[in-house]
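Single-structure report; data block below.
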Amino acid sequence: QVQLVESGGGLVQAGGSLRLSCAASGSIFSINAMGWYRQAPGKQRELVAIITNGGSTNYAASVKGRFSISRDNAKNTVYLQMNSLKPEDTAVYYCAAGWFTGIGFDMSTIHWGQGTQVTVSS
């Protein structure tokens, strides 16, 4: 099993920044990518960013240029630096880990963090 523990959510004003962290433990040899999803009330969960073990990154169009995903392999930790936050970024953010197919996560392999609330006020 892979365990993912998230931290860093909170309340921030529009234009501000937050950094989310996700520490992985357990059978981490079984994953080759980590990323972040988010889900706002009444909306579908959406993929925000992915980073592979090799360092390749992909972002949702809505966050590209504002968010940056990074990974510290020695600490088995992934980060999401969120800058220029907008009210529409308000959501529960979920860390994810699994097998990256080249398009996205193989959902049969995915592991989830507990979620952390990000609220951006206007």
Side-chain angles (χ1 to χ4, degrees):
Q1 289 288 107
V2 175
Q3 291 81 47
L4 304 173
V5 179
E6 303 178 35
S7 62
L11 174 65
V12 66
Q13 291 183 309
S17 298
L18 287 172
R19 188 172 77 155
L20 306 183
S21 299
C22 176
S25 62
S27 301
I28 56 175
F29 60 86
S30 65
I31 64 175
N32 73 346
M34 297 181 68
W36 295 89
Y37 288 74
R38 67 185 182 187
Q39 188 166 26
K43 298 183 68 176
Q44 299 274 47
R45 187 172 297 190
E46 64 173 339
L47 181 63
V48 176
I50 291 175
I51 186 166
T52 70
N53 288 355
S56 297
T57 59
N58 289 281
Y59 298 92
S62 59
V63 307
K64 191 171 181 63
R66 299 188 298 119
F67 291 11
S68 295
I69 189 169
S70 61
R71 185 171 182 172
D72 185 337
N73 289 326
K75 297 181 179 179
N76 297 316
T77 299
V78 66
Y79 305 94
L80 186 67
Q81 179 67 46
M82 304 184 292
N83 298 323
S84 302
L85 282 161
K86 304 174 181 179
E88 51 262 45
D89 295 318
T90 295
V92 177
Y93 283 71
Y94 296 92
C95 182
W99 192 261
F100 181 65
T101 67
I103 300 171
F105 284 111
D106 178 347
M107 299 305 291
S108 69
T109 71
I110 201 164
H111 304 268
W112 296 101
Q114 80 277 13
T116 185
Q117 177 71 46
V118 171
T119 302
V120 184
S121 65
S122 60

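Just the heavy atoms: all of them, side chains too, but no hydrogens, waters or symmetry mates, feed the values below.
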Taking the side chain as everything from C-beta on, heavy atoms only, tell me whether C22 gets closer than 4.5 Å to W36. yes
Side chains of D89 and V118 in contact at under 4.5 Å (non-hydrogen atoms): no
Looking at side-chain heavy atoms only, is the closest gap between Y59 and V48 below 4.5 Å? no
Against the six-membered ring of Y79, is R19 placed for a cation-pi contact (under 6.0 Å from the centre, within 45° of the normal)? yes
Would you kindly confirm whether Y93 and V63 end up in one hydrophobic cluster when ILVMFWY residues are joined by side chain heavy atoms under 4.5 Å apart? yes
Nearest heavy-atom neighbours spanning G16 and V12: CA-CG2, 3.8 Å
Spacing of Q81 atom CD and S21 atom OG [to the nearest 0.5 Å]: 9.5 Å
What one should report as the nearest heavy-atom pair of P87 and S122 is CG-CB, 3.9 Å
Should I50 and I69 be counted in the same cluster of Ile, Leu, Val, Met, Phe, Trp and Tyr side chains packed under 4.5 Å apart? no
When hydrophobic residues are tied together by side-chain contacts of less than 4.5 Å, even through go-betweens, does L47 share a cluster with V92? yes
Any L20 side-chain heavy atom under 4.5 Å of T116 side chain: yes
Might you point out which heavy atoms bring A49 and L80 nearest each other, and give the distance in Å? CB-CD1, 4.2 Å
Would you please test Q117 and T119 for side chain to side chain donor-acceptor pair (under 3.5 Å) and show each step? CA-CA 6 Å; Q117 177 71 46; T119 302; 3.3 Å; yes
What closest approach, in Å, do I31 and A97 show between heavy atoms, and which atom pair accounts for it? CD1-CB, 3.6 Å
Roughly how far, to the nearest 0.5 Å, is the CD atom of Q13 from the OG atom of S121? 5.0 Å
Do you see a donor-acceptor pair shorter than 3.5 Å between the side chains of N83 and S17? yes
Pair Y37-W112, ring pair (Phe, Tyr, Trp, His ring centres under 6.0 Å): steps then yes or no: CA-CA 9 Å; Y37 288 74; W112 296 101; 5.0 Å; yes
Without swapping roles, check the side chain of Q39 against the backbone of E46 for a donor-acceptor pair under 3.5 Å. no
Output yes when a side-chain donor or acceptor of T90 lies under 3.5 Å from a complementary backbone atom of V120, and no otherwise. yes
Expected output: side-chain T52 to main-chain S56 donor-acceptor under 3.5 Å: yes
So, the side chain of T77 versus the backbone of K75: is there a donor-acceptor pair under 3.5 Å, distance only? yes
Over all atoms of both residues, closest heavy-atom pair of A33 and F100: CB-CB, 3.5 Å
cation_pi(R38, Y94) dist<6.0 Å, angle<=45: no
Tell me, do C95 and M34 make a side-chain contact under 4.5 Å, heavy atoms counted? yes
Identify the two heavy atoms, one from L4 and one from A24, that lie closest to each other, and give their separation to 0.1 Å. CD2-CB, 3.5 Å
Approximate separation, where rounding is to 0.5 Å, of S30 OG and H111 NE2: 4.5 Å
Checking N53 against R71: is there a side-chain donor and acceptor pair closer than 3.5 Å? yes
